[in-house]
Amino acid sequence: MAVSPAAYAAPAQIPAGPIHYGADYNPEQWDPAVWREDIDLMRRAGVTMVSIGIWSWARIEPRPGQFDFSRFDEVLGLLNEAGIAVDLATPTAAPPAWFYRQHPEARLIEADGTIRQGGSRGICCPHSPAYAEAAARITEAIAAHVKDHPAIAMWHVHNEYGAPGGDCHCEVSQQAFRAWLRHRYGTLAALNTAWGTDFWGQLYGSWEEIGTPRHSGTALNPLCELDYARFTSDSLLARFTAERDIIRRYDAASPITTNLMATNCPANDYWRWAEQMDVVSTDYYLEAADPDAHIWLAMESDLTRSLAGGKPWVLMEHSVSAVSWQPHNWAKLPGEERRNALAHVARGADAILAFQWRQSRRGAEKFHSAMVPHAGTDTRVFREVCELGAQLQDLAELRDSVVNARVALLWDWNSFWAQDLAWRPSVLMRHRDQLRTVYRWLWERGTVVDLVHPESNLDAYDVVIAPASYLLSEAAGNNLAAFVHRGGRFAALPFFAVVDDDECVHAGGAPGPMREVLGLTVAEIRPVRQGDTVTLTPVQPQAGVVHTAMPTTLGSSRYLTAHTWSEDLRLEGAEAVWTAVDGPTPGPVVTMNRYGKGVAVYVSMLMDRDVLAEILEPLLDPPSDRPEVDGGIPAPKLEAVTRHGANTNFVILINHDDVDHRVDVAGTDLLTRETADSFTVSAGGVRVVRTVRTNGD
Ligand code: GLA
């Protein structure tokens with residue numbers, strides 16, 4: 001049971017216009033003479049929207065309760081005259097120095113007692129009444145001041161809630177945690193039962209005895225830790241909705257968002273956040289040194305689109321070239337920024353914004369790239385910025401078109417939080433690795449996926465895969481069972497459905513509510529010695545009912561290998577399709593069970609991507625969203641995603657390879673206006689082909 005915020009009806013969408021283009025604009029750092037040059041350059045670059053005000057609290061409210069909007073008004077006026085839409089931020093991610101001086105008690109206290117001081121940025125204690133009051137005051141002052149201003153097109157509340165984390169352990173936070181627990185459990189007896197406090201004699205006799213999970217002798221109570229993660233997400237969300245509701249009193253129409261961090265924010269359960277936002281927006285920075293960086297970018301985009309319920313979303317921040325906070329900051333190669341930006345567009349973004357417009361000369365982020373670099377406009381970066389701006393204008397007709405995925409991956413922050421707690425069978429079982437292994441296989445085969453909560457409606461999907469669902473509620477189990485029963489194809493990777501929502505092992509063991517669907521029970525978890533591999537061999541399929549479009553068996557090779565983790569499976573209806581011939585657990589490793597009209601596959605060991613791909617490949621039909629490339633030769637680095645419009649489709653082709661590829665897709669490339677039956681996508685190049693829609697597309 002979760003403590004839900006009140007239902008919220010999102011009233012607005014991304015501001016009308018083209019695919020928006022722009023950045024965080026921080027004019028506070030510059031002299032007004034520079035602002036005029038900024039506006040000219042923004043027009044040259046095709047900028048249509050900027051986020052302002054993110055770090056402006058100390059300027060707008062230099063003393064408590066005293067406001068100065070003079071510089072702010074001038075900037076708003078200049079942007080308005082230039083027809084550049086404003087995404088106006090509330091500046092509550094960086095309280096002024098006077099606030100910390102006046103309210104030292106509002107500073108965030110970390111789990112080890114360290115007090116987080118000012119002098120940087122980031123929220124203070126999210127439960128602090130002084131912070132709540134000050135945040136409400138500045139939000140209201142700004143909303144009232146700009147009321148009906150024609151430049152305001154969208155609101156950007158705060159900045160990246162949860163970065164750096166909002167998990168506070170001060171006395172006020174302890175009280176807030178207890179109140180949250182009372183709401184969740186009702187009685188102390190219910191809490192004691194759920195938390196299993198008889199273990200290690202942790203029984204609580206009064207609510208006041210309960211504390212946030214701080215440093216202790218050894219492992220903490222796991223459900224206390226999981227509840228604290230849920231509580232922190234809810235606390236930060238409450239800060240967002242408080243500001244949102246103040247803004248809404250002054251502006252009935254403009255959409256309100258806050259910039260999420262897609263897969264990179266461990267602090268927040270974004271499924272709950274997305275329900276409270278008019279428009280979903282996210283920030284994404286490349287893992288620049290990783291040769292697969294473009295694959296992880298795609299995963300972030302797919303998650304963001306999924307959070308947005310399939311509706312278009314906003315890329316609120318990314319870097320046009322290098323960042324400055326990775327250990328060794330690679331600048332983007334020529335053409336890379338265009339591929340990155342259009343990959344976000346391909347997966348549903350209707351706005352591409354960067355951090356930041358003009359590269360800072362002072363402060364912590366002066367080596368982070370920006371649309372206008374230190375060296376000015378006669379630079380590769382600025383030239384590419386202008387080219388991209390022009391191309392995004394050519395893609396205006398993509399606005400509001402959508403991506404339709406037929407394959408879904410389960411994604412649940414509760415499960416990730418729980419899986420990452422202490423004292424698991426192996427620290428080598430990492431949910432992120434499992435997700436990436438599956439995602440990368442699907443990306444390379446050209447299959448576009450949605451990420452879905454396990455309790456969400458699965459009607460749109462043919463195939464659902466659970467790469468890392470350690471925690472699976474009874475309700476999620478029923479949902480997945482219904483999906484398989486009516487003909488869905490389902491696969492789960494190991495350490496699946498071990499605990500319920502209360503972090504309590506399902507009665508009878510894993511896979512709890514999915515035992516009947518998968519036709520098996522996990523008798524024992526038996527990690528493989530680190531570095532060892534286990535040999536797998538296929539089992540001939542038994543005779544049985546074979547349903548149309550269902551695999552009769554999985555995989556075809558003679559031998560494959562798996563590693564790290566194994567489980568002793570007790571088959572209760574499932575057929576073994578791959579078995580281990582050596583290692584700690586000889587016997588069934590991959591199983592298949594027919595359930596209703598569908599099929600459920602279980603993979604009980606960890607495997608490299610190629611092995612997993614071979615085993616699970618027959619589950620996928622249709623095979624790929626990618627049109628035929630080079631007459632049928634595999635082209636795993638040719639990204640192809642279709643956005644479906646009202647009357648036309650748009651096939652976005654992005655070539656991450658260093659050789660050209662020929663793609664069979666008929667239509668008009670919106671970037672070059674060429675019309676053809678097939679297109680060469682040059683090495684590193686991009687095509688956006690408007691196709692004629694046929695029945696069923
Ligand atoms: C984050 C922040 C930005 C900026 C960028 C780049 O996403 O929101 O203010 O610091 O990182 O480092």
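Atoms within a ligand are numbered from 1 in the order they appear, just like the ligands themselves. The first residue in the sequence is number 1, and the count goes up from there.
Contacts of S369 classified as side chain to side chain donor-acceptor pair (under 3.5 Å), with partners at least two apart in sequence or in another chain: none. Not a single side chain to side chain donor-acceptor pair (under 3.5 Å) links R121 to another residue, sequence neighbours left out.
Considering every non-hydrogen atom in both P126 and L236, the closest pair reads CB-CD2, 3.9 Å.
Taking the six-membered ring for Trp and the full ring otherwise, the centers of H145 and F69 sit less than 6.0 Å from each other.
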Given side chain to side chain contact (heavy atoms under 4.5 Å, CB included), test L353 with L315 step by step and report yes or no.
-> CA-CA 6 Å; L353 279 70; L315 179 67; over 6 Å; no
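Identified under the ring pair (Phe, Tyr, Trp, His ring centres under 6.0 Å) test for residues 109-137, with sequence neighbours left out: H127-F231.
Near ligand 1, residues W55, R121, N159, E160, D283, Y285, E317, W325, F355, E365, H368 come within 4.0 angstrom through at least one heavy atom.
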